[in-house]
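Reviewing the structure listed below.
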Number of protein chains: 2
Amino acid sequence: MGDVFKALADPTRRALLDELQDRDGQTLFELCTRLLHRGVSSSRQAVSQHLDVLEQAGLVRRRREGRYTFHSLDTSPLRAITERWRIDPEEGPCGSP
Amino acid sequence: MGDVFKALADPTRRALLDELQDRDGQTLFELCTRLLHRGVSSSRQAVSQHLDVLEQAGLVRRRREGRYTFHSLDTSPLRAITERWRIDPEEGPCGSP
DNA sequence: TCGACAGGCAAGCGCTCACTTGCGTATGGT
DNA sequence: ACCATACGCAAGTGAGCGCTTGCCTGTCGA
């Protein structure tokens with residue numbers, strides 16, 4: 001549980017999740033180069049360690065294929081947040097009293 | 001934005017939010033004693049600093065009254081989480097294709 | 001087969017974080 | 001007036017975090 005929040009506490013890791021949501025199944029170098037275009041400058045090893053944290057938090061899944069390692073996003077751990085502290089969905093399109 | 005996640009990264013702070021959701025408008029000492037009953041042992045100053053972090057993150061509001069300082073919960077910053085990465089509400093009661 | 005590519009592993013360094021310690025301030029009961 | 005209460009402020013300390021550096025393992029193309 002705490003691992004999820006610790007993972008989300010870093011701006012680079014949040015940018016990685018944004019990037020994976022934009023395009024799923026990217027490799028390490030793809031993520032590095034696309035982070036650069038976003039203005040986030042991080043070395044390969046740094047990004048790799050960030051992905052380790054995200055994987056341990058259950059937010060990212062790794063799939064090894066040949067010499068490539070593809071990463072995919074998994075937002076299911078975030079659902080526990082909305083269930084712990086009641087978050088009113090701001091009376092969204094569901095509201096019908 | 002990152003302040004919210006950094007605030008949520010600590011288990012003591014999450015326990016404080018739980019406690020405030022259970023009973024709103026508690027003072028520092030009330031929160032300290034009730035944390036003890038939950039098994040979370042923290043000094044007064046430690047809890048005060050945690051509340052500082054939560055206040056800076058916008059998750060807790062302070063209201064000074066005489067020599068008491070009451071704390072109230074505000075979950076609105078958490079809504080940004082659900083809006084950033086689409087979190088399916090597990091096909092809640094809203095689903096009607 | 002050889003070299004370039006994609007990635008993993010681990011130690012070291014600077015910085016932040018959580019906590020403690022000590023003192024100061026203001027309120028309220030008696 | 002006096003003292004206990006409720007709380008704030010600030011410096012110091014130990015542990016964890018993010019990043020770098022260096023080296024090693026597989027994998028694919030020419």
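The structure presented is a predicted model; accordingly, all values stated were derived computationally and were not measured. Quick note: numbers below take in every heavy atom, side chains included, and nothing from hydrogens, waters or symmetry partners.
Spacing between atom CG of A:Leu35 and atom P of D:dC19 amounts to 11 Å, rounded to whole angstrom units. Between the CD atom of A:Gln56 and the C1' atom of D:dG16 there is a distance of 14 Å, rounded to whole Å. Residue A:Tyr68 contributes atom OH, which lies 16 Å from atom P of C:dA4 at whole-angstrom precision. Taking atom CG of residue A:Asp52 and atom P of nucleotide D:dC19, one finds them 13 Å apart after rounding to whole Å. One interatomic measurement links the two molecules: CZ of B:Arg62 to C1' of D:dC7, which rounds to 9 Å at whole-angstrom precision. One can place CG of B:Leu51 at 8 Å from P of D:dG8, the figure rounded to the nearest angstrom. The CG-P distance, from A:Leu31 to C:dA6, rounds to 13 Å in whole Å. B:Glu55 places its CD atom 13 Å from the C1' atom of D:dC7, with the value rounded to the nearest Å.
At a threshold of 4.0 Å, the pair B:Arg62-B:Asp52 counts as salt-bridged, since one of the basic side-chain nitrogens sits closer than that to a carboxylate oxygen. With salt bridges taken as basic N to acidic carboxylate O contacts below 4.0 Å, none links B:Arg61 and B:Asp24. A salt bridge is defined here as a Lys NZ or Arg NE, NH1 or NH2 lying under 4.0 Å from an Asp or Glu carboxylate O, and A:Lys6 with B:Asp10 fails to meet this definition.
Which of C:dC5, C:dC19, D:dC19 sits closest to the side chain of B:His50 comes down to C:dC19. Taking only side-chain atoms of B:Thr27, from C-beta outward, the nucleotide of D:dC7, D:dG26, D:dC19 with the closest atom is D:dC7. The side chain of A:Lys6 lies closest to D:dC17, out of C:dG8, C:dA4, D:dC17. Nearest nucleotide to the side chain of B:Leu28, out of C:dC19, C:dG8, D:dC7: D:dC7. The side chain of A:Gln49 sits closest to D:dC19 out of C:dT20, D:dC19, C:dG7. Ranking D:dT20, C:dG28, C:dA4 by closeness to the A:Arg67 side chain, first place goes to C:dA4. Listed nucleotides: C:dC19, C:dC9, D:dA6. Nearest to the side chain of A:Gln45: C:dC9. When distances are taken from the side chain of A:Thr69 to each of D:dG22, C:dG7, D:dT27, the shortest belongs to C:dG7. Nearest to the side-chain atoms of B:Asp10 among the listed nucleotides C:dA18, D:dC19, D:dC7 stands C:dA18.
Note that CZ of B:Arg34 and CG of B:Asp18 are 11.5 Å apart. Values are rounded to the nearest 0.5 Å.
Side-chain to base pairing of A:Arg13 with D:dG18: no donor and acceptor N or O lie closer than 3.5 Å to each other.
Residues A:Arg64 and A:Thr69 bring a donor and an acceptor atom of their side chains to less than 3.5 Å of each other.
When side chains are defined from C-beta on, B:Leu8 does not count as touching A:Leu8, because their heavy atoms never get closer than 4.5 Å.
Mapping B:Val53 and B:Arg44 onto DNA chain C via the closest heavy atom, the residue that lands nearer the 5' end is B:Val53.
Distances shown here put a side-chain N or O of B:Ser43 below 4.0 Å from the OP1 or OP2 atom of C:dT20. Taking 4.0 angstrom as the limit, A:Ser48 places a side-chain polar atom (N or O) nearer than this to OP1 or OP2 of C:dG8.
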